[in-house]
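Structure first, commentary second.
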Amino acid sequence: MHKRFVNHCTIDLTLIPDGPILIKSGKEGADPTKPDMEFVETYHAGGKSIYLPGSSLKGAIRAHAERIVRTVGTDKRPTNGDPLWVSNPLNRDELKYLDSIPDSQDIYRLSSFTDQMFGNTSIASRVRIQDAYPIDKKQLKIQERNGVAIDRVFGSVAVGPFNYQVCTAGEFRTKIHLKNFSLAQLGLIGLVLRDLNDGWFGIGFAKSRGLGTVTVKYNEAVVQYPGCKLDKDNRQIQQIVKPGRWGHAFLLGAGEFLDTEEAASYGFSKPDREQTPIAAEPMDLGFGVQLKWQGDGETGVPNLFKCAVCAWSKLLTGAAA
């Protein structure tokens with residue numbers, strides 16, 4: 001499925017620190033005036049700036065997605081074809097069963113639910129997260145804090161004192177891209193972002209000590225069907241080559257664009273569609289179809305996730321049955 005696009009979702013969001021956050025730089029500088037732990041920096045918008053690496057965000061998002069799937073599923077590979085399971089990231093031997101499978105469709109179907117989204121040693125990731133850069137560098141508030149590590153046996157100082165840099169204010173904008181997705185997969189992303197906003201998990205350094213919590217503000221979400229077009233009355237979405245047709249306000253998962261046999265070979269649900277209040281419109285250049293959700297309102301990005309979580313709930317019901 002990486003050789004073609006059937007659907008694509010881009011979620012534009014802003015992360016706002018609720019308190020101190022720190023994504024540590026991978027190396028310590030030689031300047032004695034700087035803190036022991038510095039915020040990672042890069043050149044952006046004509047100067048040096050702190051930022052939130054996409055790899056750090058993806059790691060935190062994947063880890064929580066795996067927690068959710070373990071909660072409602074299992075952490076062992078099932079023998080009954082149940083799709084809701086998570087592989088053990090610390091046991092690479094667990095994925096060796098995929099090495100002997102030559103067909104990419106079988107590899108995808110037999111991988112765990114989160115591996116299908118974020119990839120493993122045999123399949124590439126369908127989720128891409130951009131670096132989060134500050135919207136306005138002048139709004140950033142960066143300060144230094146001091147800390148020590150306490151010996152749990154003797155109660156004395158084990159390491160330290162040391163100082164570290166934190167960001168306590170500012171806005172960081174990023175985008176999450178998800179391609180060839182099922183609606184249940186999109187729903188899982190929505191649940192993860194909900195929990196991130198609610199403070200169930202954080203990002204970066206010292207999360208167990210209160211650092212790393214953020215508020216998630218949705219700017220826009222766009223779902224695109226590049227192989228489709230709108231009919232002349234803009235009332236139906238139809239595939240350009242294949243015979244598929246849907247109402248102009250449907251959110252469509254990848255299985256909808258495949259024939260029954262191919263969808264089954266990948267393990268995609270079919271049907272996989274949900275009605276939305278958003279009307280489709282042509283993509284740029286008049287080729288392809290897209291639906292747009294704007295902001296945090298009732299018909300904004302949360303509505304997209306609400307529709308997708310309906311498909312996630314149906315998957316759970318089917319797995320329980």
Side-chain angles (χ1 to χ4, degrees), residues 2 5 8-29 34-35 37-66 89 114 117-119 124-143 164-181 185-186 188-190 192-197 199-207 211-224 293-296 301 304-305:
H2 285 286
F5 274 117
H8 186 276
C9 180
T10 300
I11 305 158
D12 185 326
L13 53 89
T14 299
L15 301 177
I16 305 168
D18 272 343
I21 61 172
L22 168 60
I23 309 292
K24 291 196 299 181
S25 173
K27 58 182 180 179
E28 295 183 7
K34 290 189 175 182
M37 303 179 194
E38 294 181 70
F39 214 109
V40 64
E41 292 183 320
T42 190
Y43 282 93
H44 175 69
K48 208 170 185 181
S49 172
I50 66 170
Y51 74 109
L52 310 180
S55 57
S56 298
L57 299 176
K58 186 177 181 181
I61 287 172
R62 176 172 186 162
H64 193 70
E66 290 176 341
T114 48
M117 296 173 62
F118 296 96
S125 173
R126 296 170 189 269
V127 179
R128 180 168 60 90
I129 303 179
Q130 296 180 200
D131 293 339
Y133 295 110
I135 296 174
D136 183 357
K137 295 179 186 177
K138 295 179 182 178
Q139 293 182 353
L140 296 176
K141 291 185 179 179
I142 301 172
Q143 58 183 234
Y164 53 95
Q165 197 175 50
V166 295
C167 175
T168 58
E171 295 186 349
F172 298 83
R173 192 163 185 171
T174 185
K175 290 182 179 180
I176 300 175
H177 301 272
L178 182 61
K179 68 176 182 179
N180 295 341
F181 60 89
Q185 292 172 345
L186 180 59
L188 180 58
I189 293 292
V192 170
L193 293 178
R194 178 202 67 182
D195 292 350
L196 176 61
N197 183 67
W200 286 27
F201 71 102
I203 57 175
F205 170 74
K207 295 181 287 293
L211 275 69
T213 57
V214 296
T215 296
V216 179
K217 183 177 77 173
Y218 298 117
N219 303 314
E220 181 185 66
V222 182
V223 173
Q224 298 171 312
W293 287 259
Q294 301 281 350
D296 283 318
V301 180
L304 166 65
F305 288 135

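- From Asp131, atom CG reaches atom CG of Leu52 across 8.5 Å, with rounding to the nearest 0.5 Å.
- Atom CG in Leu188 sits 10.0 Å away from atom CD in Glu66 (nearest 0.5 Å).
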### Message
Would Leu13 and Val301 count as a side-chain contact (heavy atoms from CB on, under 4.5 Å) here? Give the steps.
### Response
CA-CA 10 Å; Leu13 53 89; Val301 180; over 6 Å; no
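- The pair Asp12-Arg173 meets the salt-bridge criterion, with a side-chain N (NZ, NE, NH1 or NH2) lying under 4.0 Å from an Asp/Glu carboxylate O.
- When atom types are taken as modelled, the side chain of Asp195 and the backbone of Trp200 share no donor-acceptor pair closer than 3.5 angstrom.
- Closest approach of Phe181 to Val223, counting heavy atoms only: CZ-CG1, 4.1 Å.
- The shortest non-hydrogen separation linking Phe118 to Ala65 is CE1-CB, 4.0 Å.
- Judged by distance alone, with hydrogens and angles left aside, the side-chain atoms of Glu38 form no donor-acceptor pair with the main-chain N or O of Ser25 at under 3.5 Å.
- Inter-residue side-chain proximity for Ile23 and Tyr51 is flagged as unmet; no heavy-atom pair is nearer than 4.5 Å.
- Classified by interplanar angle (parallel below 30°, tilted 30° to 60°, perpendicular above 60°), the ring pair Phe205/Tyr164 is perpendicular.
- Using modelled atom types, one side-chain atom of Lys58 and one backbone atom of Val127 make a donor-acceptor pair closer than 3.5 Å.
- For the side chain to side chain contact (heavy atoms under 4.5 Å, CB included) test with Phe172, the passing option among Ile16, Thr14, Ile50, Ile135 is Ile50; the others fail.
- Contact between Lys137 and Ser49 at its shortest, heavy atoms only, is CE-CB, 3.6 Å.
- Within a 6.0 Å radius of NZ in Lys175, no more than 12 heavy atoms belonging to other residues, nucleotides or ligands are found.
- Aromatic ring pairs are classed by plane angle as parallel below 30°, tilted from 30° to 60° and perpendicular above 60°; the pair His44 and Tyr133 is parallel.
- Distance CZ/Arg194 to NE2/His64: 7.5 Å, rounded to 0.5 Å.
- Side-chain atoms of Asp136 and Glu171, non-hydrogen and from C-beta on, never get closer than 4.5 Å to each other.
- Put simply, CG on Leu57 and CZ on Arg62 are 15.0 Å apart, with the number rounded to the nearest 0.5 Å.
- Across Cys167 and Pro17, no two heavy atoms sit closer than the pair O-CB, 4.2 Å.
- Atom CD1 of Ile21 is separated from atom CD1 of Ile142 by 10.0 Å, given to the nearest 0.5 angstrom.
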### Message
Please evaluate residues Leu304 and Cys9 with respect to the criterion side-chain contact (heavy atoms from CB on, under 4.5 Å), reporting the C-alpha separation (whole Å), side-chain torsions for both, the decisive distance (0.1 Å), and the verdict.
### Response
CA-CA 10 Å; Leu304 166 65; Cys9 180; 4.2 Å; yes
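- Closest heavy-atom contact between Leu140 and Gly170: CD2-CA, 4.0 Å.
- The structure places CD of Gln130 at 3.5 Å from NE2 of His177, a figure rounded to the nearest 0.5 Å.
- The two residues Leu22 and Met37 make their nearest non-hydrogen contact at CD2-CB, 4.3 Å.
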### Message
Checking Phe305 against Tyr218 for the side-chain contact (heavy atoms from CB on, under 4.5 Å) test, could you report, in this order, the C-alpha distance in whole Å, the side-chain angles of both residues, the deciding distance, and whether it holds?
### Response
CA-CA 11 Å; Phe305 288 135; Tyr218 298 117; 3.7 Å; yes
### Task
Decide yes or no on side-chain contact (heavy atoms from CB on, under 4.5 Å) for Arg126 and Met117, but give the supporting numbers first.
CA-CA 5 Å; Arg126 296 170 189 269; Met117 296 173 62; 5.7 Å; no
